[in-house]
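Throughout, protein chains are lettered first and strands after them, A, B, ... in sequence-line order, and every chain is numbered starting at 1. Below, each value reflects all heavy atoms present in this structure, side chains not excepted, and no hydrogens, waters or symmetry copies.
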Amino acid sequence: MPAPQPHRLTEGGLIDRAQKLRFRFDGRTLTGYQGDTLASALLANGVRLVGRSFKYHRPRGILSAGSEEPNALVELRTGPRREPNTRATTIELYDGLDAASQNRWPSLRFDVLAANQFFAPIFGAGFYYKTFMWPTSFWEKVYEPAIRRAAGLGRAADAPDPDHYEKANAFCDILVIGAGPAGLSAALAAARSGARVILAEEDFGLGGRLLAERYEIEGRPALDWVDAAEAELEALPDCRIMLRTTVVGVYDGGTYAALERVNDHAPVPPEHEPRQRLWRIVAKRAVLCAGAIERPIVFGDNDRPGIMLAGAVRAYVNRFGVAPGRRAVVFADSADAFRTAADLADAGIAVAALVDARKISSPATQAEAEKANARYFAGAVIERVQGGHGVRGVTVRTADGEAERLECDLVAVSGGWNPSVHLTTHLNGKPKWSERLSALVPDALPPGMNVAGAASGQFGLSACLAGGEAAGAEAAQACGFTPKGRSFAQASSECDAASPIWQVANGRGKAFVDLQNDVTVSDVKLAAREGFRIPEHLKRYTTLGMATDQGKTANANGAAVLAGVTGRYIGAVGTTTFRPPFAPVAISAFAGHHRGPDFRPARLAPSHQWAKEQGAVFVETGPWLRALYYPRRGEEPQDAVNREVANVRNNVGVCDVSTLGKIDVQGSDAGILLDRVYANTFSTLAAGKARYGVMLREDGFVLDDGTTARLADDHYYVTTTTVNAVKVMQHLEFCAQVLWPELDVQMVSVTEQWAQYAVAGPRARDVLQAIVDPSFDISNDAFPYLAAGEVTVCGGTPARLFRLSFSGELAYEVAVPARFGDALIRKIVEEGAAFGIAPYGTEALGVLRIEKGHPAGGELNGQTTTQDLGLGKLLSAKKDFIGRFMAARPALTDPSRPSLVGLRPVNREDRLRAGAHLIPKGAEASAANDQGYVTSIAFSPSLGHWLGLGLLTNGPQRHGEVVRASDPVRNGDVEVEICPPCHIDPEGNRLRV
Amino acid sequence: MSDRTLRSISALAGIAAPGRYGKTEGEPGVIISELAGLGLATVACRKGQAAALSAKVKQAYGVDLPASSHVAQGPKAKFIGYGPGQWLAVSESLANETLAGDLMAKLEGLASVSDQSGGRTVLRISGPRARDVLAKGLPIDLDSRAFPLGSAATSAISHIGVQLWQADDTRSYDIAIFRSLTESFWRWLTASAAEFGYEVAPAE
Amino acid sequence: MSIGPGSAAQNGRMRYSLASLLANAVSGNRNWKPLWREPEPKPFYDVVIVGGGGHGLATAHYLAKEHGITNVAVVEKSYLGSGNVGRNTTIVRSNYLLPGNLPFYEWSMKLWEGLEQDLNYNTMVSQRGVLNVFHSDPQRDAYARRGNAMRLHGVDAELLDREQVRDLVPFVDFDNARFPVRGGLLQPRGGTVRHDAVAWGYARSADSRGVDIIQNCAATGFRIGQGRILGVETEKGYIAAKKVALTCAGNSTRVAALAGLRLPIESHSVQAFVTEGVKPLIDVVMTFGAGHFYVSQSDKGGLVFGGDIEGYNSYAQRGNLPVIEDVCEGGMALMPVIGRLRILRSWGGLLDMTMDGSPIIDKTQVDGLYLNAGWCYGGFKATPVSGFCFAHLIAKDEPHPYAAAYRLDRFAAGRVIDEKGMGAQPNLH
Amino acid sequence: MRINCPYCGERALEEFTYRGDATVARPTSLDPATEQAWVDYVYFRDNPAGLHEEHWHHSQGCHSWLVVTRNITTHEIIAVEFAGKGEGS
Ligand SMILES: Cc1cc2nc3c(=O)[nH]c(=O)nc-3n(C[C@H](O)[C@H](O)[C@H](O)COP(=O)(O)OP(=O)(O)OC[C@H]3O[C@@H](n4cnc5c(N)ncnc54)[C@H](O)[C@@H]3O)c2cc1C
Ligand SMILES: NC(=O)c1ccc[n+]([C@@H]2O[C@H](COP(=O)([O-])OP(=O)(O)OC[C@H]3O[C@@H](n4cnc5c(N)ncnc54)[C@H](O)[C@@H]3O)[C@@H](O)[C@H]2O)c1
Ligand SMILES: Cc1cc2nc3c(=O)[nH]c(=O)nc-3n(C[C@H](O)[C@H](O)[C@H](O)COP(=O)(O)O)c2cc1C
Ligand SMILES: [Zn+2]
């Protein structure tokens, strides 16, 4: 049976008392209402102690009512959905909510590490830089683990995030950020003009401060005005209101990142719905109406549960119908904050005193005090706080130096307000100091942004309404719309300039500047003493402002204290930099759909479905999934590969090579372009013929290789390696568009259009004859090695046929429109059965080419030259081509460069491994003797032992020499014999039969 | 010899079974159908032939080649600009490879034509929430003021290149994607459409 | 009680030790001294170092300590450590591939290992291991080639299989991934170092040896006579110098241009990210092999991570959304347990990206003007050795053997040090 | 960042691929005497902290190579043109 809500006011507030919600905190079952936050519900249940602080494990409560909260961080949810460091002040209460306090052991009330605070003098700012140095090895073994265990507040989930996240794009003329009075007015003015408007609001209701205050607009409760505004905006066709949506970052080109918490107010997201949605909003203009954040006053033990920002106190009383305490003291240095007294009194909460830090006593505030029948202390401060786990009383130092103790369980503090300038600085703008407000206000703004309301330093309600409207209208105008007439709503509440006291001098107890990171006044003093005298240094040395709240309630006070101890004018000490995100964002949200198998799309080859049916094992190659090998039942991988290779050498095999990049290059100057991008010549290639080619980068190293067929005088069919397909296409387009725009060349990728199969092996022609329509003669005379042409297959299907061989066997590549790819592979295998055909995968493909000594991936690594690869003879001396000049530099042609060799183990049983380094025989394995490395290896079923390709200093001159293949990371060290790269049919007779 | 002939299959075969998916309450927010058998070909203008090509296309296909990324609908085929001097020709009547053949014959010397009919999957995405689904991947403003009927765009959705054009004045869009990426695209599309409830219609 | 070796003349400056910590604690920490003075520039120095980042301050430290050159100023345009030394992801390692790099970075590891003693400052050198996971056989072989190169240079390297990786980082997505993890290359001695402390520690030591560290003092020009450097124009006036040394990281081309030099460098921005602090989750430094993501956990509990550079020339020291999304996609693909951790801050730094991805430590065509630049996204780990070798070059006018390959003329000659094989395209390195 | 492609209109950053300085011109001579020109073309850059003319490829769009004039300190884009004379291909 959950307890009643002892601190819930009998009436008032924007909560729905009809909807009671149950929730758990540290295992205790409690209740709250729809419309509560976890924080307001905890307070309603009289829970004040909600967490322990970072360093000293001090008891902490709830300071604020918004996303600036430094203290009330909890672990929300459990198991894989556990969310550490969740602000109790922003999480909407839902039925079944489960939260736990953090950073305490064994319990929240009794926490062993609370002992830390007694060592505070040692654990002062940066103490760790000065010790833990001896002995060196102890840092990793002893000190660091201890520090790491103590640090960090909550615990991360222990399993993958089970929820679904997504991203979305939105476009508008005007983005209004924040839906308080300024934001609503801005949105109204903008939307009325006909502009497309998005109004983004972090909270789950519109109104901003108006939800928390008892203001009036046009003589009626401000909330009526909010309802009317909402209704009108809803009705306007081009206005979109996005609740629970925080604009977290400003980026170039009017791009704004916003996080929509779609289902954070549900125990788990409903089926088919995401938990959160990351919006990328592109807006021509933005109006920032993010309001202002109240700042505390720094005094001794100012971190005790029950000490709360005055604005938050009003929010809990007025919006949530909660009594944050029974007997309150209001401590502030501006008239406006003392309104809190009236709100409390009217809610039936006793107000013990108004402690007014301003030097001269204020009749208005005096009156406030009398109305609330509270005592009034002018020119006074709170000097001490009684109570550990919660405030029990305070000691006031009066103007005439008397100390007076007051009973209370709630202290409402206000040291003034800081405009929320954060989003104005994301594009490097720096805010400027306002003397009038004693706060930083926006200065240089991101292009297209303007600021209104409290965010711009307009603190009066009328000013916010007018300012918002003006900014909205201005933005509309800038987008080419004509704003309708202005309304100039009049409102209660104006406010005076601030003269903050920042901190209570010589108080007692720890005076916290940054509550979450436990940075105290003495830390700031120590830092200054050690030379960290500007905010950026102070921050990094003390961690002030580096916690999850990014110092929203701490930075200003930090600068003030620093100014004090360094005897400088606060306006001159400067500030740290605000960076995105405005409020922390889950990594999942930025990843959206792209995780697990959907991290990146997978390109599936035309034969994929068929290969799956054959039980193929697939491998990722670049963006593609390719069949690695096709194991038969019970067959070991190596055996499968051996069989596939042998079958190509002895009978015939088929392999899907569709993943190669394929480019149709057409136009009367196509040949000229290819001559300029390839090291060798293509303009001389006869139509109906294919040729192997190499292209270089402009710096002279090899970029890519492949075969190109000339299908007609003005039509080449270029193939690239699978991995470089996109790069090469871009390169060709650069050459055609930028370097030689005068050429008549058109190119388009046809990689997807053609399903291309290599049919290789002595019986290849027999198979192809059954596929290619009889009208085409593919005999050796009619269609010799390196012939290419357009044919039809299987009764009329258009196809391209090439006599190419990567395997060194009699081989063809046949291509059909991809929609026939599945049918063709089935047909080839069906027709090939008679000739013993078997599919082979990329593994066998690799073995075959290594047996032939063709360079590929392992050798084309961007660090090699044509000469390194034994392709030097391809370089044409007759023409300029990309990379020609730089390729001629001595360093690239130096004969001692590691160049391509074949390798075979001296002891034929030995296994070779790629990545092993080549060391002269008898020399010790050391850097000095490192002469190259093994680039590719394969077990050659044809030869019955392992084979390799390698790059070796002076390689070609060293055939016959024996060297060590040293592989320390795999404890391998075998002797290998240097030989020519090609092991099978060096004369190339087989592929010409 | 019809038994020798090759059967064309859709990249969606075995992936997209017709039916109702995702949220089941109410009308489906999104309807997805494949446009199978279209003729698809890229047409790239030869150097200095722009005027001649336009004239020829006008005469042969009854459309003015769009100078920007727009759709020009003709009786036999539509031409969609996807780059300077480049168009994707799409046709129902001149199905599959026949379109490319027809274009090659008619535009000889004026344009470089490549058949693409085998290499693309074309989907029609319609229904009241079509735009909302696309917004989850497409970084382009589809509001009718920014993307009026007849507009086309080449972009990327979920790391997958797409060519997209508005099919008709109802909010339905045709999307062409590379055949090899069809399954990955489908995973994104269905995940994104689920919250609105979607219907997979039989291929047209 | 301190058992650290009493490092050279800490003149006046108080030593740090548990003892001094306790002593000061009792006296209310009132007696701590500033780590560095705030001097006005003198009219003349033997050496003026332009750029008060890690490399500039380390250079000052080693000039004084190794070569006895103490009439030195470090002029810094902003606050000390405001540059990349204060914004990098703190990874130190020597897992390089090419002979031009390996001995250099390994010497840096050795210097890190003794740095706390050398500086009498705890820079929190944490040798927790650097693990690069791989996802395919070709990638494994490439890492084997690298690991073997390391071993041949006497650097520690271990090639791990999938199960050994699982033992180290059980939370990695082994089962449901687009690019399954097949193993990894581990350098056990690699790790992290508290970045700011490196700047402060070197500054404190250099200052204590008499070096003037002058903040908010940008170099605005150079005086050159008959091809020889005469001094530096700064925001605080002209400073004459026998020798001027540039350590301006991301701004190298701008500053070098003031002396009429043109460099094989582009400036690029790169972002980094930190999450809310959590209890210990990941104990090594890890990089993803199928995307752009690397991560370590700071002692404060935040996951510090990053990915690819922005990819276009920039001096803005910030980034845009595509990279943030790309990095988080990589993170979720590699270790989906971090999904609900929240990023609390992102920031950017400014990189000198060279045409081969490797740095430059060399003289220039201006006599007495020395250049230390082009550290790309990997110069933090080099801070000690860079300062060490640069000091040697400045003092002796000849390159230190470890840095012998980092000459400017290597580009013209084609002796590039291109670890990735990407060619003259800075944003691909 | 958003780039206003003269063919496709304003598009998001991730649709484009960056190449670099567009002001360097490829030498036409193979004469060894032109080595310095080649070295400058391939390796050396001005990298000014202001306006920068640079090559971008609209790789997820129309495949045009563009010359974008951009302030690389503020990322403000001043102009975008086809790199090839007028028409992309
Ligand atoms: C986000 C990020 C992550 C990184 N991660 C790693 C990593 O994990 N591991 C690693 O090894 N490296 C990493 N790096 C790279 C590393 O930070 C840099 O290579 C290294 O810090 C550069 O040397 P530095 O410390 O001297 O540079 P900086 O600290 O940038 O020092 C250069 C200084 O020169 C000053 N300066 C510039 N112009 C002038 C002028 N005109 N007059 C006076 N002073 C001037 C600057 O203000 C700056 O303080 C990373 C970098 C970034 C940005
Ligand atoms: N008396 C004083 O000293 C004082 C000082 C400041 C403000 N105020 C009062 O507060 C009100 C200020 O009005 P206002 O409209 O300028 O501000 P507001 O505080 O009323 O509204 C700001 C709104 O913006 C939202 N928001 C903030 N950052 C956001 C983000 N990044 N993304 C999305 N939403 C975000 C907040 O949730 C809030 O609802 C006025 O009533 C004013 O009188 C008084
Ligand atoms: C290793 C490392 C860890 C960091 N951890 C935090 C952190 O916990 N909280 C925080 O606010 N910033 C953290 N930062 C970021 C800094 O606040 C700051 O953004 C960075 O030093 C760049 O400076 P700038 O943002 O002022 O330009 C960290 C930075 C680094 C390099
Ligand atoms: Zn474009």
Side-chain angles (χ1 to χ4, degrees), chain A residues 83-85 121-122 124 129-134 140 144 147-148 151-157 160-161 251-252 257 526 529-531 534 536 540 548 579-580 584-588 590-591 594-597 599-600 620 697 699 857 861-863 889 891-892 914-915 917 926-927 930 933 968-969, chain C residues 3-4 16 18 21 25 29 32 34-36 79 116 121-122 126-127 138 141 144-145 147-148 151-153 157 159 176 178-179 196-197 276-281 299-301 320-321 324-325 328-329 331-333 336-347 413-415 421-424:
Chain A
E83 286 156 51
N85 309 326
I122 304 175
Y129 300 121
K130 298 177 182 139
T131 182
F132 301 137
M133 287 181 266
W134 312 274
E140 290 85 354
E144 186 175 53
I147 291 179
R148 287 189 63 198
L153 288 169
R155 298 161 304 157
D161 186 346
Y251 298 93
D252 290 314
L526 173 60
R529 195 172 295 132
E530 298 198 81
I534 58 166
E536 295 286 16
R540 287 161 176 80
T548 67
R579 293 273 198 177
V585 178
I587 292 172
S588 283
F590 277 119
H594 302 291
R595 51 182 284 195
F599 165 56
R600 289 293 176 264
E620 304 78 21
R697 297 188 310 235
D699 68 355
N861 61 9
Q863 298 167 324
R889 294 178 291 173
L892 279 75
H917 284 237
S926 74
D930 190 352
Y933 69 103
V969 292
Chain C
I3 54 169
Y16 290 159
L18 189 52
L21 200 60
N29 288 313
W32 293 112
L35 274 71
W36 48 78
Y79 62 91
E116 274 126 17
Y121 199 77
N122 186 357
S126 170
Q127 296 182 282
D141 296 342
R145 176 191 172 197
N148 285 328
R151 293 284 280 272
L152 292 176
H153 280 84
L159 196 68
N176 187 36
R178 168 74 176 81
F179 298 97
D196 290 325
E276 300 176 348
V278 287
K279 296 296 176 192
L281 172 69
D299 286 346
K300 242 177 38 260
N320 275 295
L321 272 175
I324 304 175
E325 296 176 39
C328 291
E329 288 167 9
M332 287 304 288
V337 291
I338 64 176
R340 295 174 99 87
L341 293 185
R342 303 186 198 86
I343 295 173
L344 64 75
R345 189 172 175 101
S346 64
W347 64 96
R415 289 190 310 273
M422 287 301 172

Go through the steps to decide whether Y251(A) and I324(C) satisfy the test side-chain contact (heavy atoms from CB on, under 4.5 Å), and finish with yes or no.
CA-CA 11 Å; Y251(A) 298 93; I324(C) 304 175; 3.4 Å; yes
Contact winner vs chain A - G331(C), G423(C), P138(C), G301(C), heavy-atom pairs under 4.5 Å
G423(C)
Residue, of P597(A), A156(A), G124(A), that accumulates the most heavy atom pairs under 4.5 Å with chain C:
P597(A)
Stepwise side-chain contact (heavy atoms from CB on, under 4.5 Å) check, I343(C) with I587(A):
CA-CA 6 Å; I343(C) 295 173; I587(A) 292 172; 3.9 Å; yes
Using a cut-off of under 4.5 Å on heavy-atom pairs, state which of G857(A), G596(A), A257(A) scores highest against chain C.
G596(A)
Please classify the contact between L892(A) and chain C as side chain, backbone, both or neither, with a heavy-atom cut-off of under 4.5 Å.
side chain
Checking R342(C) side chain against T548(A) main chain: does a donor-acceptor pair fall under 3.5 Å?
no
Main chain of E144(A), side chain of D299(C): is a donor-acceptor contact present, judged purely on distance under 3.5 Å?
no
Any donor and acceptor pair, going by atom type alone, linking the side chain of E140(A) with main-chain N or O of Q127(C) inside 3.5 Å?
yes
Any side-chain to backbone donor/acceptor pair from K279(C) onto A151(A)? Under 3.5 Å, distance only.
yes
Quick check on L21(C) against chain A: is it the side chain, the backbone, both or neither that has a heavy atom closer than 4.5 Å?
side chain
Any sub-3.5 Å donor-acceptor pair from N85(A)'s side-chain atoms to G277(C)'s backbone N or O?
yes
For the backbone of R600(A) and the side chain of R178(C), can you confirm whether one donor and one acceptor N or O come within less than 3.5 Å of each other?
yes
So which of E325(C), K300(C), R345(C), R151(C) has the biggest tally of heavy-atom pairs under 4.5 Å with chain A?
R345(C)
Can you see whether Y933(A) has R145(C) sitting over its ring - NZ or CZ less than 6.0 Å from the centre and within 45° of the normal?
yes
Which atoms of N29(C) approach chain A - backbone, side chain, both or neither, heavy atom under 4.5 Å
both
From the list P580(A), G862(A), A157(A), the residue making the most non-hydrogen contacts under 4.5 Å with chain C is P580(A)
Looking at every non-hydrogen atom in both residues, tell me the closest pair between N148(C) and H917(A) and how far apart they are.
CB-CD2, 3.3 Å
Any idea which heavy atoms bring P84(A) and V278(C) closest together, and the distance?
CG-CG1, 3.6 Å
Enter the distance from L18(C):CG to K130(A):NZ here, rounded to the nearest 0.5 Å.
12.5 Å
Closest-packed option against chain C by number of heavy-atom pairs under 4.5 Å, given R697(A), Q863(A), R529(A), H594(A)
R529(A)
When you measure from the side chain of D141(C) to the backbone N and O of G915(A), does any donor-acceptor pair fall under 3.5 Å?
no
With chain A, which of S126(C), A333(C), A413(C) has the greatest number of heavy-atom pairs at distances under 4.5 Å?
S126(C)
Let's test your reading of the structure: which of G147(C), A157(C), S346(C), A197(C) forms the most heavy-atom pairs below 4.5 Å with chain A?
S346(C)
Could you pull out the closest heavy-atom pair between I122(A) and A25(C), with the gap in Å?
CG1-CB, 3.9 Å
Please verify the inter-ring angle class for F179(C) with F599(A); under 30° counts as parallel, over 60° as perpendicular, anything in between as tilted.
perpendicular
Closest heavy-atom pair, A591(A) versus C328(C), reported as atoms and distance to 0.1 Å, is CB-O, 3.7 Å
Residue among D930(A), D252(A), I534(A), I147(A) with most heavy-atom pairs under 4.5 Å to chain C:
D252(A)
Calculate, to the nearest 0.5 Å, the distance between atoms CZ and CG belonging to R579(A) and L344(C) respectively.
13.5 Å
Note: vs chain C, highest number of non-hydrogen pairs under 4.5 angstrom among G531(A), S588(A), S926(A), A891(A) is S588(A)
